[in-house]
**Q** 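One structure, as structure tokens, below. Some questions next.
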Amino acid sequence: MRDLKSQLMTGRMASAALEFARESRTPVAPRPASTVILLRDAPTPTASTRAVSTPTASTRAVSTPTPAAPTPAAPTPTPAAPTPTPAAPAADGLEVAGGLEVYLLRRQRTMAFAAGMTVFPGGRVDPADAAIADSWSGPPPSAFAVRLGCSAELAAAYVAAAVRETFEECGVLLAGPSTSSVVSDTTGDDWEADRIELEAGRLRFADFLHRRGLVLRADLLGPWAHWITPEFEPKRYDTSFFVAALPTGQVTRDVTSESDQVAWMRPADAVAAVEGGELLMLPPTYLCCRELTPYDDVAAVLDAAGDREIRTILPTVRVDGDQAYLETI
């Protein structure tokens with residue numbers, strides 16, 4: 001198991017950390033971001049299982065294979081993803097094999113941040129994300145603010161961004177026509193058209209909800225973690241992590257332009273893949289997967305999220321001569 005207390009950095013990260021420490025540069029301010037750890041109980045496909053139109057492990061090639069940014073104690077080349085579990089809707093007709101699975105994406109190797117890394121769906125908060133007060137269902141923003149240690153306005157933006165980014169990156173929408181229902185199918189052409197407009201920034205999330213008569217189901221999200229990018233990084237994020245279950249009837253789709261592979265994996269398998277050099281993960285993703293390994297099913301995770309202490313983690317750098325160590329916990 002990887003030691004997250006102190007990791008020797010190599011490659012680009014080590015160079016950036018050493019340069020930052022030696023020049024005593026002022027760190028850039030982190031931008032708010034949200035990430036959703038999307039979960040489902042591990043299914044065994046049956047004859048009634050409806051297949052996802054796009055394979056879980058994407059066959060899209062990266063047009064310009066730029067080397068991935070290395071992560072501490074991990075190989076620089078971006079390895080191929082391990083064989084994923086076939087995607088299937090969380091619906092009746094599935095035999096549960098036991099355990100839970102988490103949805104993961106591998107970021108394009110051309111991305112400016114976390115290139116080639118395996119991540120959860122998520123992204124930065126949009127300035128308009130907080131403008132959804134009249135389309136909100138569940139615990140009020142003030143309740144999330146207490147858990148996340150921020151203002152109610154920022155908490156509302158975190159939650160809205162989490163729901164919006166999940167829809168943009170995998171087609172799953174944590175919203176419904178009422179406070180007790182969730183959209184059952186988002187695979188139609190009209191949904192895809194809206195998803196593209198949202199991803200391109202041409203459609204505000206609040207306008208999307210209003211036009212479709214939907215309310216954001218904040219009660220389906222459970223705060224799980226809070227990470228801030230190390231100060232030496234040129235791009236920094238102040239990220240809230242949430243857990244959520246894949247809604248019944250909905251399926252994940254490999255649709256975002258920001259990833260080149262996706263997979264449903266058991267958390268323990270993801271941890272083993274990282275430790276075996278098969279996947280690259282930044283510490284937040286790795287640690288969240290590791291924390292999920294003791295849970296038997298999605299319900300247990302969501303229950304644990306209810307009273308989980310959200311501790312802010314800001315990894316620091318320790319310099320020892322010409323070596324830099326990332327110290328996380």
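In what follows, residues are counted from 1 in the order of the sequence shown. Every value quoted in this text rests on a predicted model; they were computed, and no experiment measured them.
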**Q** Shortest non-hydrogen contact from M265 to A273?
**A**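 In this case the closest contact between M265 and A273 is CE-CB, 4.5 Å.
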
**Q** Taking the basic N atoms (NZ, or NE/NH1/NH2) and the acidic carboxylate oxygens, is any pair closer than 4.0 Å for E231 and R25?
**A**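 Answer for the salt bridge query: no.
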
**Q** Go through the steps for Q7 and E327 under the test side chain to side chain contact (heavy atoms under 4.5 Å, CB included), then give the verdict.
**A** CA-CA 6 Å; Q7 299 180 82; E327 303 193 332; over 6 Å; no

**Q** Donor-acceptor check, side chain of D41 to backbone of V298, threshold 3.5 angstrom: yes or no?
**A**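 Pair found, side chain donor or acceptor close to backbone of V298.
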
**Q** Could you measure the distance from the CD atom of E101 to the CG atom of L104? Nearest 0.5 Å is fine.
**A**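 One gets 10.0 Å once the value is rounded to the nearest 0.5 Å.
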
**Q** Find out if a path of hydrophobic residues (ILVMFWY) with successive side-chain heavy-atom gaps under 4.5 Å connects V319 to L326.
**A**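 Per the 4.5 Å side-chain linkage, V319 and L326 are co-clustered.
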
**Q** Salt bridge (charged side-chain N to carboxylate O under 4.0 Å, His left out) between D129 and R164: does it pass, once the steps are laid out?
**A** CA-CA 9 Å; D129 280 333; R164 175 181 54 76; 2.9 Å; yes

**Q** Taking all atoms of both residues into account, what is the closest heavy-atom pair of A175 and L209, and its distance?
**A**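 For A175 and L209, the tightest heavy-atom pair comes out as CB-CD2, 4.2 Å.
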
**Q** Do T229 side-chain atoms and Y237 backbone N/O form a donor-acceptor pair below 3.5 Å?
**A**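 Looks like yes, one N/O pair under 3.5 Å.
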
**Q** Parallel under 30°, tilted from 30 to 60°, perpendicular over 60°: which one fits the rings of F167 and F208?
**A**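 F167 and F208: parallel rings.
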
**Q** Using the six-membered ring of Y325, assess whether NZ or CZ of R318 lies under 6.0 Å from its centre and within 45 degrees of the ring axis.
**A**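 Output yes; distance and angle both within limits.
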
**Q** Between H226 and T312, do the side chains contain a donor N or O and an acceptor N or O under 3.5 Å apart?
**A**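 H226 and T312 do have a side-chain donor-acceptor pair below 3.5 Å.
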
**Q** If you define the side chain from C-beta out and look only at heavy atoms, does anything of F20 sit under 4.5 Å from P27?
**A**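 Counting from C-beta outward, F20 and P27 do come under 4.5 Å.
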
**Q** Test side chain to side chain contact (heavy atoms under 4.5 Å, CB included) on D134 and I132; report intermediate values, then the result.
**A** CA-CA 6 Å; D134 58 346; I132 56 167; 5.5 Å; no

**Q** For the atom pair OH (Y295) and CG (L100), what is the distance rounded to the nearest 0.5 Å?
**A**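 Here the rounded value is 10.0 Å.
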
**Q** Decide side chain to side chain contact (heavy atoms under 4.5 Å, CB included) for L282 and V119; before the verdict, give the C-alpha distance in whole Å, the side-chain angles of both, and the deciding distance to 0.1 Å.
**A** CA-CA 8 Å; L282 292 173; V119 300; 5.8 Å; no

**Q** Does the Lys NZ or Arg CZ of R212 fall within the cation-pi geometry relative to W191 - under 6.0 Å from the ring centre and within 45° of the axis?
**A**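 Yes, a cation-pi geometry holds between R212 and W191.
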
**Q** Evaluate the side-chain proximity of T239 to P284: yes if any heavy-atom separation is below 4.5 Å, no if none is.
**A**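 No, side chains not in contact.
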
**Q** Rounded to the nearest 0.5 Å, what separates atom CD in Q323 from atom CE in M9?
**A**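 Rounded to the nearest 0.5 Å, the CD-CE separation comes out at 10.5 Å.
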
**Q** Please check if the side chain of Q250 supplies one atom and the backbone of T186 the other of a donor-acceptor pair under 3.5 Å.
**A**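 Flag not set: sc Q250 to bb T186 has no pair under 3.5 Å.
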
**Q** Is D254 close to E169 at the side-chain level, that is, under 4.5 Å between some pair of heavy atoms?
**A**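 Counting from C-beta outward, E169 and D254 never come under 4.5 Å.
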
**Q** Would a 4.5 Å heavy-atom cut-off, applied to side chains only, mark T248 and S184 as touching?
**A**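 SC-SC contact between T248 and S184 ruled out.
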
**Q** What pair of heavy atoms forms the shortest contact from C150 to A155, and how long is it?
**A**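 Between these two residues, the closest heavy atoms are SG-N, 3.7 Å.
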
**Q** Is the distance between the ring centroids of F242 and W224 under 6.0 Å?
**A**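 Centroid separation for W224 and F242: 6.0 Å or greater.
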
**Q** Would you find more than 12 non-hydrogen atoms of other residues, nucleotides or ligands less than 6.0 Å from D322 atom CG?
**A**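 No.
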
**Q** To the nearest 0.5 Å, tell me how far L38 CG sits from T35 OG1.
**A**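 Taking CG in L38 and OG1 in T35, the distance rounds to 12.0 Å.
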
**Q** How long is the span from the CD atom in E168 to the CD atom in E197, to the nearest 0.5 Å?
**A**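 That separation rounds to 11.0 Å.
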
**Q** State whether R236 and E233 are salt-bridged, where the test is any N-O pair (Lys NZ or Arg NE/NH1/NH2 against Asp/Glu carboxylate O) under 4.0 Å.
**A**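 A salt bridge is absent here (no side-chain N lies under 4.0 Å from a carboxylate O).
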
**Q** Looking only at heavy atoms, what is the nearest atom pair of A206 and A131, with distance?
**A**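 The answer is CB-O, 3.1 Å.
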
**Q** We want to know whether H210 and S135 form a side-chain donor-acceptor pair, criterion being a heavy-atom distance below 3.5 angstrom.
**A**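 Yes - a donor-acceptor pair under 3.5 Å links their side chains.
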
**Q** Looking at side-chain heavy atoms only, is the closest gap between R106 and V262 below 4.5 Å?
**A**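 Side chain of R106 against side chain of V262, heavy atoms only: no contact under 4.5 Å found.
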
**Q** If you define the side chain from C-beta out and look only at heavy atoms, does anything of R266 sit under 4.5 Å from T293?
**A**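 Side chain of R266 against side chain of T293, heavy atoms only: no contact under 4.5 Å found.
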
**Q** Let me confirm one number: the CE-CD distance from M281 to E275, rounded to the nearest 0.5 Å.
**A**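 So the CE of M281 and the CD of E275 are separated by 10.5 Å.
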
**Q** Which atoms form the tightest heavy-atom contact between P177 and L214, and what is the distance?
**A**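 Scanning both residues completely, I find the closest heavy atoms to be N-CD2, 3.7 Å.
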
**Q** Using the rule that two of Ile, Leu, Val, Met, Phe, Trp, Tyr join whenever any of their side-chain heavy atoms come within less than 4.5 Å, decide whether F205 and W136 are in one cluster.
**A**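 Looking at the clustering, W136 is in the same group as F205.
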
**Q** Do L302 and F241 land in one hydrophobic cluster if side-chain heavy atoms of ILVMFWY residues count as linked below 4.5 Å?
**A**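 In one cluster: yes.
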
**Q** For the CZ atom on R124, are there more than 12 heavy atoms of other groups (residues, nucleotides or ligands in this structure) within a distance under 6.0 Å?
**A**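 Counting other residues, nucleotides and ligands, CZ of R124 stays at 12 neighbours or fewer.
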
**Q** Where do L148 and Y158 land on the side chain to side chain contact (heavy atoms under 4.5 Å, CB included) test, with the steps shown first?
**A** CA-CA 9 Å; L148 300 176; Y158 273 130; 4.1 Å; yes

**Q** Any heavy-atom pair between the side chains of V28 and P234 that's under 4.5 Å?
**A**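 Side-chain contact under 4.5 Å: no.
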
**Q** Hydrophobic clusters here meaning ILVMFWY residues chained together by side-chain heavy-atom distances under 4.5 Å, can you tell me if L174 and L203 are in one?
**A**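 As far as the 4.5 Å side-chain criterion goes, L203 and L174 are connected within one cluster.
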
**Q** Does CD in E153 sit with more than 12 non-hydrogen atoms of other residues, nucleotides or ligands closer than 6.0 Å?
**A**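 For E153, atom CD is not crowded (no more than 12 foreign heavy atoms under 6.0 Å).
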
**Q** Less than 4.5 Å apart, any side-chain heavy atom of D238 and any of R31?
**A**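 The answer is no, as the side chains (C-beta and beyond) never meet within the 4.5 Å cut-off.
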
**Q** Can you tell me if R147 uses its side chain to pair, donor with acceptor, with the backbone of G306 under 3.5 Å?
**A**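 At least one qualifying donor-acceptor pair exists.
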
**Q** For V182 and L173, work out which heavy atoms get closest and say how close.
**A**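 Shortest heavy-atom contact: CG1-O, 3.6 Å.
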
**Q** How about D189: does its CG atom have over 12 heavy atoms from other parts shown lying under 6.0 Å from it?
**A**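 Counting other residues, nucleotides and ligands, CG of D189 stays at 12 neighbours or fewer.
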
**Q** Please check if L220 and I310 belong to a single hydrophobic cluster, counting links between Ile, Leu, Val, Met, Phe, Trp and Tyr side chain heavy atoms closer than 4.5 Å.
**A**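 In one cluster with L220: I310, no.
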
